[in-house]
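Below is one structure; the comments refer to it alone.
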Amino acid sequence: MHSPDAKRLVIAVDGPAGSGKSSASRLLAERLSYRYIDTGAMYRAAAVAAHRSGVSVDNDAALKRLMEGVDISFVSGRIHLDGEDVSRAIREPKMDGLSSAVSARAPIRAALITLQRRMAEAGGVVMEGRDIGTVVLPDADIKFFITASAEVRGKRRYTERIGRGEEADLQEVICAIKQRDERDARRELSPLVPADDAEVIDTSPMNLEEVVDYMMERVKKHGI
């Protein structure tokens with residue numbers, strides 16, 4: 001629990017797919033009674049919008065028009081696109097590659113970064129993604145970069161999909177994770193790298209509670 005008089009911090013959490021950053025960020029926000037913002041879900045919602053509209057990810061002019069006409073928001077922790085709950089649609093396997101491609105396009109990034117900064121203005125936020133500490137919120141009070149080996153992350157993603165009743169092949173999932181890592185690390189706009197002042201946490205040998213406990217200890221140093 002935190003003091004009601006304590007400063008409401010802005011906490012940035014970055015890391016690659018399957019690192020556990022989403023689960024850790026969500027639980028950290030719950031413990032702090034902060035708002036949790038999954039920016040990856042926002043990019044996936046943009047990917048759903050592009051897919052449904054038939055807009056090519058290579059057409060920046062069309063992507064800019066698309067983003068000017070859509071509304072992406074969170075309602076009770078679930079992602080909405082133009083008022084529709086698309087929390088399940090954004091997790092469809094075909095959105096994995098498309099969301100990565102969409103997130104590298106300047107018009108998409110410009111629109112969503114503006115929205116994300118607005119969401120964090122009042123503080124009391126745990127925002128997670130891939131460039132929160134480096135680009136979106138470079139002045140965040142606390143920055144974490146959560147990672148794990150590709151094999152561990154692949155197994156986690158595989159388990160998630162099987163748990164949702166989807167078909168999945170473990171080796172294919174691990175291969176896709178590695179390909180996305182390479183794509184994200186090499187992209188021209190906001191490549192996936194830790195901020196210079198971020199604390200890197202390798203979650204490979206840790207469970208979720210251990211990760212969040214560790215993060216809470218760091219947050220407590222800021223007077224929470």
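Index from 1, following the sequence.
Applying the 4.5 Å side-chain rule to ILVMFWY residues, one finds F145, V200 in the same cluster as L192.
Within the 4.5 Å cutoff, the side chain of R180 has heavy atoms near those of the R183 side chain. Residues V126 and R35 are not in side-chain contact: their nearest non-hydrogen atoms beyond the backbone lie 4.5 Å or more apart. Proximity of V102 to R44: side-chain heavy atoms (C-beta onward) are nowhere separated by under 4.5 Å. In this structure, Y158 and D169 have side chains that are not in contact, with every pair of non-hydrogen atoms separated by 4.5 Å or more. Side chains of S99 and I90 form no contact here, defined as non-hydrogen atoms less than 4.5 Å apart. Residues E167 and R161 form no side-chain contact, since every pair of their non-hydrogen atoms from C-beta on lies 4.5 Å or further apart. Proximity of V86 to R52: side-chain heavy atoms (C-beta onward) are separated by under 4.5 Å at one or more points. Considering only heavy atoms from C-beta on, H80 stays 4.5 Å or farther from I72 through its side chain.
The line from CE of M119 to CG of L112 is 9.0 Å long, rounded to the nearest 0.5 Å. Expressed to the nearest 0.5 Å, how far CZ of R117 lies from CG of L115 amounts to 11.5 Å. Taking CD1 of I201 as the start and CD1 of I146 as the end, the distance is 5.0 Å to the nearest 0.5 Å. Annotation: the span from L28 atom CG to S23 atom OG amounts to 12.5 Å, rounded to 0.5 Å. Of the inter-residue distances, the one linking Q116 atom CD with R118 atom CZ reads 10.5 Å to the nearest 0.5 angstrom. Atom-to-atom distance recorded for I37:CD1 and S25:OG is 11.0 Å, nearest 0.5 angstrom.
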Pair E92, V48 - check side-chain contact (heavy atoms from CB on, under 4.5 Å), show working.
CA-CA 10 Å; E92 293 178 2; V48 170; over 6 Å; no
Before giving the answer on side-chain contact (heavy atoms from CB on, under 4.5 Å), spell out for R78 and D85 the whole-Å C-alpha distance, their side-chain angles and the decisive distance to 0.1 Å.
CA-CA 7 Å; R78 297 181 67 81; D85 186 341; 2.6 Å; yes
Using the salt bridge (Lys or Arg N to Asp or Glu O under 4.0 Å) rule, take R156 and E151 through it: C-alpha gap first, then chi angles, then the decisive distance, then the call.
CA-CA 9 Å; R156 290 172 180 169; E151 287 71 24; over 6 Å; no
For Y214 and E209: C-alpha separation, side-chain torsions, deciding distance, then whether side chain to side chain donor-acceptor pair (under 3.5 Å) applies.
CA-CA 9 Å; Y214 184 89; E209 290 292 333; over 6 Å; no
What verdict does the side-chain contact (heavy atoms from CB on, under 4.5 Å) test give for D38 and I79, after you've listed the backbone C-alpha separation in whole Å, the side-chain angles of each residue and the deciding distance to 0.1 Å?
CA-CA 9 Å; D38 177 359; I79 189 74; over 6 Å; no
Going through the checks in order, is the side-chain contact (heavy atoms from CB on, under 4.5 Å) test met by F144 and R218?
CA-CA 10 Å; F144 295 109; R218 296 301 180 268; 3.9 Å; yes
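Ion pairing between a basic and an acidic side chain is recognised when a charged N comes within 4.0 Å of a carboxylate O; R8 and D141 show no such pairing. In this structure, E199 does not pair ionically with K143, as no charged nitrogen and carboxylate oxygen lie closer than 4.0 Å. Salt bridge annotation for K155-E160: absent, with no cationic side-chain nitrogen under 4.0 angstrom from a carboxylate oxygen. Salt bridge annotation for R91-D96: absent, with no cationic side-chain nitrogen under 4.0 angstrom from a carboxylate oxygen. Electrostatic pairing of D202 and K21 does not count as a salt bridge here, judged by no charged N lying under 4.0 Å from a carboxylate O.
Using modelled atom types and a 3.5 Å distance limit, the side chains of S100 and R130 yield no donor-acceptor pair. Looking only at atom types and distance, the side chain of T39 has no donor-acceptor partner in the side chain of E128 under 3.5 Å away.
Residues V152 and L208 fall into different hydrophobic clusters, defined by Ile, Leu, Val, Met, Phe, Trp and Tyr side chains chained together at heavy-atom separations under 4.5 Å. Residue Y36 is not grouped with residue V212 when hydrophobic side chains (ILVMFWY) are merged at heavy-atom distances under 4.5 angstrom, including chains of intermediate members. Under a hydrophobic clustering in which Ile, Leu, Val, Met, Phe, Trp and Tyr are joined whenever their side-chain heavy atoms come within less than 4.5 Å, directly or via other members, F74 and I108 fall into the same cluster. Cluster annotation: V57 is connected to V70 through the hydrophobic network of ILVMFWY side chains, with a link wherever side-chain heavy atoms come within less than 4.5 Å. Under the 4.5 Å side-chain heavy-atom criterion for Ile, Leu, Val, Met, Phe, Trp and Tyr, M95 and I177 are members of distinct hydrophobic clusters.
The shortest non-hydrogen separation linking T134 to P194 is CG2-C, 4.1 Å. Considering every non-hydrogen atom in both M215 and A24, the closest pair reads SD-CB, 4.0 Å. Across all non-hydrogen atoms, the minimal contact from R153 to G18 is CG-O, 3.0 Å. For the pair I132 and A12, the tightest heavy-atom approach, listed with the atom from each and the gap, is CG2-CB, 3.5 Å.
Side chain of S53 to backbone of V55: no donor-acceptor contact under 3.5 angstrom is found. Counting only distance, with no hydrogens or angles, the side chain of T114 and the backbone of A110 share a donor-acceptor pair below 3.5 Å.
The residue from V10, V136, I11, V13 that alone fulfils the side-chain contact (heavy atoms from CB on, under 4.5 Å) condition with M127 is V136.
Atom NE2 of H51 has 12 or fewer heavy atoms from other residues, nucleotides or ligands within 6.0 Å. By the neighbour-count criterion of 12 heavy atoms within 6.0 Å, atom CG of D196 is sparsely surrounded, having that number or fewer from other residues, nucleotides or ligands. Around the CD atom of E68, the shell of radius 6.0 Å holds more than 12 heavy atoms that belong to other residues, nucleotides or ligands.
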